[in-house]
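Reading through the structure tokens given below for one structure.
Remember, it's a predicted structure, so these values are computed and weren't measured experimentally. Chain naming here is simple, since letters A, B, ... match the order of the sequence lines and numbering starts at 1 in each. Computed from heavy atoms alone, side chains included, the values below leave out hydrogens, waters and symmetry copies.
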Amino acid sequence: MILELKQLFGNIFEEALIHEIAMVSTLREVPEDYMLIDIGEPIKGIPLMIGGAIKIYRENPNGDELLLHYIEEGDSCTLTYAWEMNASKSKIRAISELPSKLIMIPLKQMELWEEKFPSWRNFLFRSYQTRMDELIETLDSLAFDGLEKRLINYLAEKRRVNGKNELQITHQNIALELHSSRVVISRLLKKLEHLGKIKLKRNEILMV
DNA sequence: ACATTAATTGTGT
DNA sequence: ACACAATTAATGT
């Protein structure tokens, strides 16, 4: 685990911190499509992403979900940290998009580190900031963009995260993640296909 | 190989 | 949004 930590965080964290992290944390590897935490579950710790990608969802009381953003290697889920203080129940759902590797840090240690290691405070702060920026971005998109633009963004982001042009996904799934309906997504995708932006197959979308 | 069923996608109203 | 048709994949016999 020290190896992975040094690789990704060697420049950010001091040696002593890396060792402390390695002492108290556990390395987890999860397959694709694995739910790491669901809404309402108690938060056990904060993840440091080593590899892969995780989708973060929000859900309303009716059970409608909405994809908020991804976290990727080098990221942490600082949102969790922000509200872990008061309520220790998760307000989000996290599902792996790819097979992923992550280090789970128990909550207890983290407060100590804030005092002890400036680099840790820094990391939290920076991570927090980028996360907020991302959230604002998706919020803007929700508020001001039409569904078509959101769909295009979604596809582009998915291609980037997966690193390939063939996206294995059903229209129904896209509809759920964007909080739309299947029919609407199908129609928009068809339109995009006619525009030559994508090619549609069953269970797969080819980005051009 | 064939029939049946379920899941996914396309289209009209 | 709803209903239905068409297509494709999965499963059993």
Side-chain angles (χ1 to χ4, degrees), chain A residues 28-44 47 49-73 75 77 79-80 89-102 104 131-208:
Chain A
R28 290 190 70 186
E29 291 192 53
V30 297
E32 179 180 338
D33 248 352
Y34 179 86
M35 186 187 299
L36 283 142
I37 190 166
D38 200 355
I39 294 160
E41 285 179 25
I43 295 170
K44 50 219 179 245
M49 291 292 294
I50 302 301
I54 309 247
K55 293 175 283 190
I56 305 296
Y57 293 93
R58 191 75 246 271
E59 191 185 74
N60 75 2
N62 298 339
D64 304 321
E65 42 173 32
L66 175 67
L67 177 63
L68 289 182
H69 60 81
Y70 293 92
I71 57 178
E72 299 170 81
E73 87 172 23
D75 284 339
C77 192
L79 283 184
T80 314
K89 305 265 178 156
S90 177
K91 297 198 159 105
I92 50 98
R93 169 178 303 150
I95 300 178
S96 58
E97 165 95 14
L98 305 167
S100 301
K101 232 182 181 183
L102 47 101
M104 292 299 296
R131 202 56 59 222
M132 271 305 167
D133 288 347
E134 264 189 3
L135 264 190
I136 295 288
E137 227 174 274
T138 56
L139 182 58
D140 279 348
S141 176
L142 262 177
F144 305 125
D145 294 346
L147 186 54
E148 178 165 349
K149 197 168 167 195
R150 279 213 289 146
L151 177 58
I152 293 175
N153 283 341
Y154 169 84
L155 292 174
E157 184 71 355
K158 200 174 183 62
R159 167 170 58 178
R160 189 185 65 72
V161 168
N162 283 281
K164 54 181 183 187
N165 291 337
E166 308 84 37
L167 309 177
Q168 296 219 186
I169 183 101
T170 66
H171 301 179
Q172 178 67 67
N173 265 324
I174 300 176
L176 287 176
E177 304 210 317
L178 293 183
H179 194 243
S180 173
S181 74
R182 201 273 304 164
V183 190
V184 173
I185 297 296
S186 283
R187 289 211 157 103
L188 283 176
L189 286 172
K190 206 76 193 137
K191 190 166 153 198
L192 292 179
E193 184 179 38
H194 282 130
L195 291 175
K197 290 180 180 277
I198 58 176
K199 290 250 186 305
L200 295 178
K201 305 189 180 174
R202 180 175 244 243
N203 283 315
E204 184 176 292
I205 297 174
L206 256 152
M207 305 287 292
V208 192

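Rounded to whole Å, atom C1' of B:dT11 lies 14 Å from atom NE2 of A:H171. Protein atom CD1 of A:I174 is 12 Å distant from nucleotide atom C1' of B:dT9, rounded to whole Å. Distance A:Q172 CD to B:dA6 P: 17 Å, rounded to the nearest Å. Look at CD1 on A:I185: it is 15 Å from C1' on B:dT8, rounded to the nearest Å.
Note on A:V184: nothing from the nucleic acid sits closer than 4.0 angstrom, heavy atoms only.
A search for side chain to side chain contact (heavy atoms under 4.5 Å, CB included) contacts involving A:E193 returns A:K190, A:I198, A:L200, not counting sequence neighbours.
We find that A:K91 and A:E41 are not joined by a salt bridge, their nearest charged nitrogen and carboxylate oxygen being 4.0 Å or further apart. Ion pairing of A:K55 with A:E177 is present here, as a side-chain N (NZ or NE/NH1/NH2) and a carboxylate O approach within less than 4.0 Å. A salt bridge between A:K201 and A:E166 is absent, with no side-chain N of the basic residue lying under 4.0 Å from a carboxylate O of the acidic one.
Taking 4.5 Å as the limit, some side-chain heavy atom of A:L178 sits within range of a side-chain heavy atom of A:I174.
Summarising the geometry, atom CG belonging to A:L36 is positioned 9.0 Å from atom CD1 belonging to A:I95; distances are rounded to the nearest 0.5 Å.
Chain A approaches DNA chain C over the interval C:dA1 to C:dA9, counting the first and last nucleotide 5' to 3' with an atom under 4.0 Å from its heavy atoms.
Without hydrogens or angle criteria, A:R28 side chain to A:K101 main chain gives no donor-acceptor distance under 3.5 Å. In terms of modelled atom types and a separation under 3.5 Å, the side chain of A:S90 and the main chain of A:P42 share no donor-acceptor contact.
Summary for the helix from B:dA1-C:dT13 to B:dT13-C:dA1: the axes at its two ends, each from 5 pairs, differ by 0° when rounded to the nearest 10 degrees.
Along DNA chain B, the nucleotide closest to A:T170 and the one closest to A:R187 are compared, and the more 5′ of them pairs with A:T170.
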